[in-house]
Amino acid sequence: LVRHIDGKVPSIVTFPNVSPLSHPVPAGDGAYAFIDTAGDLVLWGTEANQEIGRLSGINALPDGRIVRSEDGHLRPWLALYAGAFVESRRCFLGDCTEASRLLVLEVHPQLGTIDIMADVQLEGDDFFEGISPMFLPDDSVVATLSNPTDGASVRMYNPNGGFEISKSDFANGWRHQLFYNDFGTSANPLPYFVDLYGPHSDQRKEMQFTSISSPV
């Protein structure tokens, strides 16, 4: 991780036992959050240069990306995939590890605590596709839910409590959320969530635009 502070030379920041397939993210108040090699979420204070908090036993996705929302919050909210397990039936491109859990967190570096705001745990053959969920501008969280039988479905969750706001129908194939953007103007906003459908399929490949002001 390269850190740049105004007026100073950029520096490379390293922490012990970071998963080699992931990377740290700023978590507010000079702290960083990262997934370690044991699958825990670690909160690291740069001033003291030591661990100041930990969420153990979550079995975070080894190559997962921690995403952040800073929309009007005192400190960033974090979201990541956990509950990692091996799903051999979906072993594409050599990656057989999937996630069965979605966490939304609020960290308190001064106290060294991590609060779980939402904890979505899937059952049966369901799992979360990809390496990270996505925050939308209203702080709702978008994730792709898959299973080997039905295919993929985009789900939208409330960040406080994790209850499901809306969902798309299941469709055969794979869906990968890419980004969101307002394609309109201030007078006529057109906020859309964009995802790619069937990127590994020989039959169907589509880029889909879905209004995030209406259910997905």
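Treat the numbers as computed from the prediction; the structure is a model and nothing was measured.
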Quiz item: Taking atom CH2 of W44 and atom CG of N17, what is their separation to the nearest 0.5 Å?
Solution: 8.5 Å

Quiz item: Taking only residues two or more places apart in sequence, or in another chain, which ones meet D115 in a salt bridge (Lys or Arg N to Asp or Glu O under 4.0 Å)?
Solution: none

Quiz item: Is there a donor-acceptor pair closer than 3.5 Å between any side-chain N or O of D40 and the backbone N or O of V42?
Solution: no

Quiz prompt | CZ on F128 to OG1 on T144, rounded to 0.5 Å | solution = 9.5 Å

Exercise. Measure across T97 and A84 and return the closest heavy-atom pair with its distance rounded to 0.1 Å.
Key: CG2-CB, 3.9 Å

Practice problem: Look at the side chain of N147 and the backbone N and O of T149, then say whether any donor-acceptor pair between them is shorter than 3.5 Å. | Solution: yes

Quiz item: In Å and rounded to the nearest 0.5 Å, what is the CG to CG distance from L78 to L41?
Solution: 7.0 Å

Self-check item: Test side-chain hydrogen bond (donor to acceptor under 3.5 Å, both in side chains) applied to N188 - qualifying residues, sequence neighbours left out
Solution: none

Quiz item: How would you list, by chain and number, every residue that makes a salt bridge (Lys or Arg N to Asp or Glu O under 4.0 Å) with R65, sequence neighbours excluded?
Solution: none

Quiz item: Under the ring-ring contact (aromatic ring centres under 6.0 Å, His included) test, which residues partner F85, sequence neighbours left out?
Solution: none

Self-check item: Short side-chain to backbone donor-acceptor contact, N59 and G39, under 3.5 Å
Solution: no

Self-check item: Cluster check V25, L21: I/L/V/M/F/W/Y, side chain < 4.5 angstrom
Solution: no

Quiz item: Between P26 and P76, what is the shortest heavy-atom contact and its length?
Solution: O-CG, 4.3 Å

Quiz item: With S22, which residues qualify under side-chain hydrogen bond (donor to acceptor under 3.5 Å, both in side chains), at least two apart?
Solution: none

Self-check item: D119: side-chain contact (heavy atoms from CB on, under 4.5 Å) partners, not counting sequence neighbours
Solution: R101, L103, I116, Q121

Exercise. State, to 0.1 Å, how close T37 and P20 come at their nearest heavy-atom pair, and which atoms those are.
Key: CG2-CD, 4.2 Å

Quiz item: Which heavy atom of I114 sits nearest a heavy atom of G53, and at what distance?
Solution: CD1-C, 4.4 Å

Practice problem: Taking all non-hydrogen atoms of both residues into account, name the closest pair between E129 and Y81 and its distance. | Solution: O-CE1, 3.6 Å

Exercise. Tell me, with the steps shown, if Y180 and V194 meet side chain to side chain contact (heavy atoms under 4.5 Å, CB included).
Key: CA-CA 6 Å; Y180 63 82; V194 183; over 6 Å; no

Quiz item: So, T46 side chain and G30 main chain: donor-acceptor pair closer than 3.5 Å or not?
Solution: yes

Quiz prompt | Rounded distance [0.5 Å steps], OG in S140 versus OH in Y157 | solution = 12.0 Å

Exercise. Provide the closest heavy-atom pair for A27 versus L43 in the form atom of the first, atom of the second, distance.
Key: CB-CD1, 3.8 Å

Quiz item: Between atom CE of M156 and atom CE of M134, what is the distance when rounded to the nearest 0.5 Å?
Solution: 10.5 Å

Quiz prompt | All side-chain contact (heavy atoms from CB on, under 4.5 Å) counterparts of A60, not counting sequence neighbours | solution = I35, I58, L80

Practice problem: Not counting sequence neighbours, which residues clear ring-ring contact (aromatic ring centres under 6.0 Å, His included) with F34? List them please. | Solution: F15

Quiz prompt | Which residues share a side-chain contact (heavy atoms from CB on, under 4.5 Å) with A118, sequence neighbours left out | solution = V104

Practice problem: Taking side-chain contact (heavy atoms from CB on, under 4.5 Å) as the test, write out the residues that go with P189, two or more places apart. | Solution: D182, P191

Exercise. With sequence neighbours left out, write down each residue that passes side-chain hydrogen bond (donor to acceptor under 3.5 Å, both in side chains) with D36, or none if nothing qualifies.
Key: R54

Self-check item: Atom pair CG (N158) and CG (D138), whose distance is rounded to the nearest 0.5 Å
Solution: 9.0 Å

